Undergrad: 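Before we start, here is the structure in question, set down as C-alpha cells.
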Amino acid sequence: MGTNHTFQTPVRMAGAGKRDIRTQFAALPFRVKKGEIEILLLTSRDTGRWIIPKGWPMDGLTPAGSAAQEAWEEAGVRGVVSESCLGFFSYNKGMDKSADLSCLVAVFPLEVRKLSKKFPEAGMRKRKWVSVRKAVAKLDDRGLKSIVRHFSPDDHF
C-alpha cells in the first residue's frame, strides 16, 4: 500500500439526497489469447466476490495511472493502460466505522504484459483469467457487467 492518496472533497449530485459521492479509478486487466479476450478478475478481501482492481485517486497520477497502480497493488499486474475511459459504474463501499460511501468508478483498460507472484496484496486475493462471457457472469455490478460485455481493445489502443 504506502502510495499517497489524494484528499478528495465529496461531490454532491442532484437527486442523491444528502449522500456524498466519491470517485474511484479501476483497471480492466485483459489479454488476448488465441484471438480471444480474457479478463483478469480478482476476489475482494472482505467478501471474496469477483471484482476488478479499483481504488482512490493518487497524488501525481492520472486517473488511468491510479487504476494501473491499483492493478499492481491488488492483482500483481503490469502492462499498458489506456487513458481512454471505458465507462463508469457506481457502488456503495462498506466502511468499517462509518456509513457506506457512494462511489462512482471510472474504468480504464489495461493490457497485461506481466503477472507477478509477489505483489503488495498477494495472499489476500485470488486471481483468475476468464472469458468475457464468464467475467460478466461472475461480476455482481450491472454497470460493470455492461462495460465488460461491450469491451473491445481495438477501440482504446
Side-chain angles (χ1 to χ4, degrees), residues 3 5-6 8 10-16 19-58 61-95 100-116 119-121 124-157:
T3 306
H5 294 274
T6 302
Q8 186 179 145
V11 175
R12 291 270 165 132
M13 292 183 66
R19 293 196 73 145
D20 293 331
I21 297 176
R22 307 290 175 122
T23 54
Q24 288 191 314
F25 303 120
L28 182 64
F30 76 95
R31 68 183 179 190
V32 179
K33 191 172 182 182
K34 297 181 183 176
E36 298 294 320
I37 299 168
E38 292 184 334
I39 306 296
L40 183 68
L41 297 181
L42 59 143
T43 55
S44 68
R45 289 185 301 182
D46 53 355
T47 65
R49 62 191 173 82
W50 292 102
I51 61 168
I52 61 174
K54 65 184 172 304
W56 306 111
M58 295 181 194
L61 295 178
T62 65
S66 291
Q69 180 63 32
E70 289 294 338
W72 163 249
E73 292 176 10
E74 295 181 4
V77 298
R78 299 273 192 205
V80 179
V81 66
S82 172
E83 295 288 334
S84 175
C85 181
L86 293 172
F88 298 87
F89 71 97
S90 62
Y91 79 106
N92 289 320
K93 180 172 182 61
M95 302 302 288
D100 290 357
L101 289 177
S102 295
C103 295
L104 181 64
V105 184
V107 181
F108 298 88
L110 185 142
E111 184 177 10
V112 175
R113 301 279 171 89
K114 183 178 180 187
L115 187 65
S116 298
F119 56 97
E121 295 186 19
M124 296 181 211
R125 302 173 185 273
K126 294 178 186 174
R127 305 180 292 192
K128 186 172 188 170
W129 286 108
V130 296
S131 67
V132 169
R133 184 181 54 77
K134 285 184 180 176
V136 169
K138 288 182 177 295
L139 294 166
D140 288 336
D141 185 88
R142 195 174 69 201
L144 180 55
K145 286 177 181 260
S146 180
I147 290 169
V148 172
R149 184 181 297 115
H150 296 100
F151 172 61
S152 171
D154 295 339
D155 296 340
H156 301 279
F157 289 93

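All values derive from a computational prediction rather than experimental measurement.
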Undergrad: Between Ala67 and Ala27, which heavy-atom pair has the shortest distance, and what is it?
TA: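 Nearest pair, atom of Ala67 first, then Ala27: O-CB, 3.5 Å.
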Undergrad: Search all heavy atoms of Ser116 against all heavy atoms of Lys114 and return the closest pair with its distance.
TA: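 Distance-wise, the nearest heavy atoms are OG-CE, 3.8 Å.
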Undergrad: Between CD1 of Ile147 and CG of Asp141, what distance do you get to the nearest 0.5 Å?
TA: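 Result: 8.0 Å between the selected atoms.
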Undergrad: State which residues pass salt bridge (charged side-chain N to carboxylate O under 4.0 Å, His left out) with Arg113; sequence neighbours excluded, sorted by chain then number.
TA: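 If we apply the salt bridge (charged side-chain N to carboxylate O under 4.0 Å, His left out) test to Arg113, skipping adjacent residues, the hits are Glu111.
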Undergrad: Which pair of non-hydrogen atoms, one from Leu139 and one from Trp50, has the smallest distance, and what is that distance?
TA: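 Looking at all heavy atoms of both residues, the shortest contact is CD2-O, 3.5 Å.
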Undergrad: Report the distance from atom CD of Gln24 to atom SG of Cys103, rounding to the nearest 0.5 Å.
TA: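 Nearest 0.5 Å value for the CD-SG distance: 4.0 Å.
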Undergrad: Report the residues that fulfil side-chain contact (heavy atoms from CB on, under 4.5 Å) with Asp140, sequence neighbours left out, ordered by chain and then residue number.
TA: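 Per chain and number, Asp140 pairs via side-chain contact (heavy atoms from CB on, under 4.5 Å) with Arg49.
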Undergrad: Identify the heavy atoms of Pro29 and Trp129 that sit nearest to each other, and give their distance.
TA: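 Looking at all heavy atoms of both residues, the shortest contact is O-CZ3, 4.2 Å.
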Undergrad: Which heavy-atom pair separates Phe25 from Val105 by the least distance, and what is that distance?
TA: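 Looks like C-CG1, 4.3 Å.
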Undergrad: Would you give the length of the straight line joining atom CZ of Arg22 to atom CG of Leu104, rounded to the nearest 0.5 angstrom?
TA: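 Arg22 CZ to Leu104 CG: 13.0 Å, rounded to 0.5 Å.
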Undergrad: Determine whether Val132 and Phe151 satisfy the following criterion, side chain to side chain contact (heavy atoms under 4.5 Å, CB included), listing intermediate values before the conclusion.
TA: CA-CA 9 Å; Val132 169; Phe151 172 61; 5.6 Å; no
Undergrad: OG1/Thr43 to NZ/Lys138 distance, rounded to the nearest 0.5 angstrom?
TA: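 Between Thr43 OG1 and Lys138 NZ, I get 11.0 Å after rounding to 0.5 Å.
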Undergrad: Calculate, to the nearest 0.5 Å, the distance between atoms OG and CG belonging to Ser66 and Leu61 respectively.
TA: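 Between Ser66 OG and Leu61 CG, I get 4.5 Å after rounding to 0.5 Å.
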Undergrad: Do you know the tightest heavy-atom contact between Ala135 and Val148?
TA: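 For Ala135 versus Val148, the nearest heavy atoms are CB-CG1, 4.0 Å.
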Undergrad: Residues two or more places apart in sequence or in another chain: which of them pass side-chain hydrogen bond (donor to acceptor under 3.5 Å, both in side chains) with Asp46?
TA: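 For Asp46 the side-chain hydrogen bond (donor to acceptor under 3.5 Å, both in side chains) partners, ignoring immediate neighbours, are Ser44.
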Undergrad: Going by the salt bridge (charged side-chain N to carboxylate O under 4.0 Å, His left out) test, which pairs reach into residues 126-137, not counting sequence neighbours?
TA: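 Salt bridge (charged side-chain N to carboxylate O under 4.0 Å, His left out) check on residues 126-137 returns no pairs.
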Undergrad: Tell me which donor-acceptor pairs under 3.5 Å the side chains of residues 74-87 have, and how far apart each pair is, sequence neighbours excluded?
TA:
unit_1	atom_1	unit_2	atom_2	d
Glu74	OE1	Lys54	N	3.3
Ser82	OG	Ser84	N	3.0
Ser82	OG	His156	O	3.1
Glu83	OE1	Thr62	OG1	3.3
Glu83	OE2	Thr62	OG1	3.2
Ser84	OG	His156	ND1	2.9

Undergrad: Can you list, pair by pair, the side-chain donor-acceptor contacts under 3.5 Å of residues 30-42, counting residues two or more places apart and other chains?
TA:
unit_1	atom_1	unit_2	atom_2	d
Arg31	NE	Glu38	OE1	2.5
Arg31	NH2	Glu38	OE1	2.8

